[in-house]
Student: 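Structure provided below as structure tokens; questions to follow.
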Amino acid sequence: MLRGGGLLSRPCYPARPARAPAGEPMSKQPITPRDQDYSRWYLDVIAHADLVDSSPVRGCMVLKPHGYAVWEAIKDDLDARFKATGHVNAYFPLFIPQSFLSKEAEHVEGFAKECAVVTHHRLKATPDGVIPDPAAQLEEPLVVRPTSETIIWHMYGRWISSWRDLPLLINQWANVVRWEMRTRPFLRTAEFLWQEGHTAHATRTEAEEEAQRMLQVYRDFCWETLAVPVRTGVKTASERFAGAVDTYTIEGLMQNGWALQCGTSHFLGQNFARAFDVTFQNSDGDLEHVWATSWGVSTRLVGALIMTHSDDAGLVLPPRVAPIQIVIVPIYRADKRDMVMDFVGKVRGLLGRRFRVHVDDRDNMKPGAKYFEWERKGVPLRLEIGPRDVENSAVFSKLRTQDGKFGLDVDDGLADKVAEVLDGMQQALLDAAVARRDAATFEVDSYDALKAGLESQPGFYLVPWKDDADNEAAIKADCKATIRCYPLQGQDAAAGRTCFYSGEPATHMALFARAY
RNA sequence: CGGGGAGUGGCUCAGUCUGGUAGAGCGUCGGCUUUGGGAGCCGAGGGUCGCAGGUUCGAAUCCUGUCUCCCCGACCA
């Protein structure tokens, strides 16, 4: 898609790779190498893996089956973790009365600039096409939810009256809309899918514990399932969620050394309870405002996944979230077809119950072409089965992240062996990501060192810091680095040190980085 | 909203300067042949050249207007 100055021309999410020399079939077009142009590499990987397509509406993406399947795997795993911690799912409406958004002052300020607003309920045909019918204007405009705190707290006000109604632990899986100026697939889209947990508690302590508990759930999920080694921390006031008292975050570090906020968990204090007048009678008979949390992760996690593990050959998916964990590619000449396919059926039978297996039996493609396709799509393990393998009762195997192929004996605990191989890959991906992150994490104590470091070695920069929003803004304006968080671990190190920027006594250890 | 660029089959583009029957590669469809790392041959379908006016015997091409998209900046899970 070279046009103009070599820039992407179609809407943000190319169905085809960003660069397409005329005459090259898509499958042979190279994925732009990471070290050449990281953001184009990202778009190329997504295009080659067929995860999304562009939308006629700017900033929106169509999640294609393979892309949606990755989200589904994320969703299924997280949903089980939410249930295991006592939460239940519910669903709140897409539309929020406009007036609700003005009830919590900071909340308004945070979201007002990016809300889609519905003003009419009917269209009218005109010679130039349909227009909103002027006669069908809504009395009160409706806001398409940018997040659901307001509608949920409105409802909680009706549901909560006694300490016996608490805690209320509800999650919803939903879409939200934030009218962003600039978008990138998965990382920032105008509409995205996410989950938002909203809980109500009788005490401050209980709510604070909930916010931290869910942060740990996110952390564990990222490490264990996505193999994305996120850091946990607290946001500064300027990066805090609009309306929160504290915002906790999980921050990942991508291969280009930029940080990515992967999820947040907020302690909301009594802000929303006051705004929506949600009170409960405690066991002493007194009326109190409830304490709240909210927490969410979104389809942005797919972006984190892509940018953490993928390589110049395309998408790499950890086995636990791979929609297809094993692809079987049969190889045969016409006279051997039945023999090979019978054996393929046997192997599928041995593996199909424990793994997500796909048999690629298309007969208009050569095996080699299939290999490249499934590698681009990030399938962790490929089994090649030809006449020779049938005779040996074995399969020829290739792991997405390893050079070389290896044989696996079909009659001797194949499924266990495959499980071992996939677990090994899952672990290897995490180890590699941790190693990359650690190699790109630095501790400096002067601002010059931060600025120089960000240029030569982008990454996480840990510094002693005196909490100060003005200085934070000045640094952001100067070198684009922001405080990703005050890490939960290691804050003791700030004691007795001076701020790397102001020279005043440090209050925190701060993690700086350039971020998406 | 400020600055830059682009709109031609599904995709990537040529053609526009210098007006004269709308093209190529890839993909798609059909047939034959092939299959242990990106197959080959033959054939077919597919575009009112973003839109609206104008100039002209004749407009993808020239003129005017307009819309949309992309990039950089301000905003952001």
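Predicted model, so just to flag it, every value in this text is computed and none were measured. Keep in mind that the numbers below use all heavy atoms, side chains included, and drop hydrogens, waters and symmetry copies. We name chains A, B, ... by the order of the sequence lines, and we start the count at 1 in each one.
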Student: Using atom C1' of each nucleotide, how far apart are B:C29 and B:G65 to the nearest Å?
Tutor: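 That atom pair is separated by 42 Å.
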Student: Nearest to the side chain of A:K480, heavy atoms from C-beta on, is which of B:A39, B:C75, B:G73?
Tutor: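 Selected nucleotide (nearest to the side chain): B:G73.
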Student: Determine: side-chain N/O of A:K405 to OP1/OP2 of B:G36, distance under 4.0 Å, yes or no.
Tutor: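 Negative; the distance criterion is not met.
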Student: With a 4.0 Å cut-off on heavy atoms, is A:P387 in touch with a base, just the backbone sugar-phosphate, or nothing at all?
Tutor: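 Answer is base: heavy atoms of A:P387 come under 4.0 Å of a base.
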Student: Find the distance A:Y248:OH to B:A77:P and express it as a whole number of Å.
Tutor: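 Result: 18 Å.
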Student: What is the minimum heavy-atom distance between A:L383 and A:S397, and which atoms define it?
Tutor: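 Residues A:L383 and A:S397, closest heavy atoms: CD2-OG, 3.4 Å.
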Student: Find the distance A:M365:CE to B:G40:P and express it as a whole number of Å.
Tutor: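 So the CE-P distance, A:M365 to B:G40, works out to 13 Å.
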Student: Going by an N to O cut-off under 4.0 Å, is there a salt bridge joining A:D77 and A:R81?
Tutor: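 Looking at A:R81 together with A:D77, the answer is yes, because their closest N to O distance falls below 4.0 Å.
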Student: With side chains defined as the heavy atoms from C-beta onward, is the minimum distance between A:K113 and A:W179 less than 4.5 Å?
Tutor: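 Not in contact.
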Student: May I ask which nucleotide in the shown strands pairs with B:C75, Watson-Crick or G-U wobble, both distances under 3.5 Å?
Tutor: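 Partner of B:C75: none.
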Student: Quick one: label A:E180 by what it contacts on the DNA or RNA (base, sugar-phosphate, nothing), any heavy atom closer than 4.0 Å.
Tutor: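 Base contact.
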Student: Considering only B:U35, B:A77, B:G37, which nucleotide approaches the side chain of A:K398 most closely?
Tutor: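 Of all the options, the side chain of A:K398 is nearest to B:G37.
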Student: To the side chain of A:Y332, which of B:G36, B:A77, B:U35 is closest?
Tutor: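 Per side-chain heavy atoms of A:Y332, the pick is B:U35.
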Student: For the side chain of A:R388, counting heavy atoms from C-beta on, which of B:G36, B:G73, B:G37 is nearest?
Tutor: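 Of the options given, the side chain of A:R388 lies nearest B:G36.
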Student: Compare the ring of A:F192 with the six-membered ring in the base of B:A77 and state whether they stack (centres under 5.5 Å, planes under 30°).
Tutor: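 Check passed, A:F192 stacks on base of B:A77.
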Student: Has the side chain of A:R382 got a donor or acceptor that lies under 3.5 Å from a partner of the other kind on the base of B:G37?
Tutor: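 Yes.
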Student: Starting from C1' on B:C1, measure out to NZ on A:K113 and report it in whole angstrom.
Tutor: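 Value for this atom pair: 15 Å.
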Student: Quickly work out the A:R376 CZ to B:G37 C1' distance and round it to whole Å.
Tutor: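 So the CZ-C1' distance, A:R376 to B:G37, works out to 13 Å.
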Student: A:F100 ring centre to A:K103 NZ or CZ under 6.0 Å, with the angle to the axis within 45°?
Tutor: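 Satisfied, under 6.0 Å and within 45°.
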Student: Between B:G20 and B:U61, how many Å separate the two P atoms, rounded to a whole number?
Tutor: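 About 10 Å, rounded to a whole number of Å.
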Student: Could you tell me whether A:E106 and A:R240 make a salt bridge, using a distance below 4.0 angstrom between a side-chain N and a carboxylate O?
Tutor: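 Judged by the 4.0 Å cut-off on N to carboxylate O distance, A:E106 and A:R240 do not form a salt bridge.
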Student: Using atom P in both nucleotides, what's the gap between B:G36 and B:G40 to the nearest angstrom?
Tutor: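 My reading of the P atoms in B:G36 and B:G40 gives 13 Å.
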Student: Can you measure A:I331 atom CD1 to B:G38 atom C1' for me and round it to whole angstrom units?
Tutor: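 Rounded to whole Å, this separation is 14 Å.
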Student: Can you check the distance between B:A60 and B:C42, where both ends of the measurement are the P atom (answer in whole Å)?
Tutor: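 Taking atom P in both B:A60 and B:C42, they lie 33 Å apart.
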Student: A:N364 has an atom CG; how far is it from atom C1' of B:G38, in whole Å?
Tutor: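 It is 13 Å, rounded to the nearest whole Å.
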Student: Counting side-chain heavy atoms from C-beta on, which of B:A77, B:U35, B:G38 comes nearest to A:R178?
Tutor: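 Taking heavy atoms from C-beta onward, the closest nucleotide is B:A77.
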Student: Can you tell me, in whole Å, how much space there is between the P of B:C32 and that of B:C49?
Tutor: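 Between the two P atoms, the distance is 39 Å.
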Student: Once you apply the 3.5 Å cut-off to both distances, tell me the Watson-Crick or G-U wobble partner of B:A44, or none.
Tutor: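 By the stated definition (distances under 3.5 Å), B:U28 pairs with B:A44.
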Student: Could you tell me the separation between the CG atom of A:D335 and the C1' atom of B:G36, rounded to a whole number of Å?
Tutor: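 Distance, rounded to whole Å: 14 Å.
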Student: Would you kindly check whether a donor in the side chain of A:E375 faces an acceptor in the base of B:G37, or vice versa, at under 3.5 angstrom?
Tutor: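 By the distance-only test, yes, there is a pair.
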Student: Would you indicate which nucleotide in B:A77, B:G38, B:G36 comes nearest to any side-chain atom of A:A369?
Tutor: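 Of all the options, the side chain of A:A369 is nearest to B:G38.
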Student: What is the base-pairing partner of B:C57, counting Watson-Crick and G-U wobble geometry with both distances under 3.5 Å?
Tutor: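 Because both required distances fall under 3.5 Å, B:C57 counts as paired with B:G20.
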Student: Both distances under 3.5 Å, Watson-Crick or G-U wobble: report the partner of B:G38, or none.
Tutor: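 Per the H-bond distance test, none.
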Student: If the threshold is 4.0 Å, N to carboxylate O, is there a salt bridge linking A:R376 and A:D44?
Tutor: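 No, A:R376 and A:D44 are not salt-bridged.
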Student: Indicate yes or no: does A:E455 engage A:R514 in a salt bridge with an N to O separation below 4.0 Å.
Tutor: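 A salt bridge is present here (some side-chain N lies under 4.0 Å from a carboxylate O).
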Student: Starting from C1' on B:U35, measure out to CD1 on A:I385 and report it in whole angstrom.
Tutor: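 Computing the A:I385:CD1 to B:U35:C1' distance gives 15 Å.
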Student: I'd like the C1' distance from B:G15 over to B:C71, given in whole Å.
Tutor: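 My reading of the C1' atoms in B:C71 and B:G15 gives 26 Å.
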Student: If you look at every strand shown and take non-hydrogen atoms under 4.0 Å, does A:Y516 touch a base, only sugar-phosphate, or nothing?
Tutor: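 It contacts nothing in the nucleic acid.
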Student: State whether the aromatic ring of A:Y371 stacks on the base of B:G37, taking stacking to mean ring centres under 5.5 Å apart and ring planes under 30° to each other.
Tutor: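 Check failed, A:Y371 does not stack on base of B:G37.
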Student: Considering only atom C1', compute the distance from B:A59 to B:U16 and round it to an integer number of Å.
Tutor: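 It comes out at 11 Å once rounded to the nearest Å.
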Student: With a 4.0 Å cut-off, would you call A:K417 and A:D409 a salt bridge?
Tutor: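 No, this pair does not count.
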Student: Whom does B:A6 pair with, Watson-Crick or G-U wobble, provided both distances fall under 3.5 Å?
Tutor: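 In the structure as shown, B:A6 has B:U68 as its Watson-Crick or wobble partner.
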Student: With rounding to whole Å, what would you report as the distance between B:U33 and B:C70 at their C1' atoms?
Tutor: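 That atom pair is separated by 45 Å.
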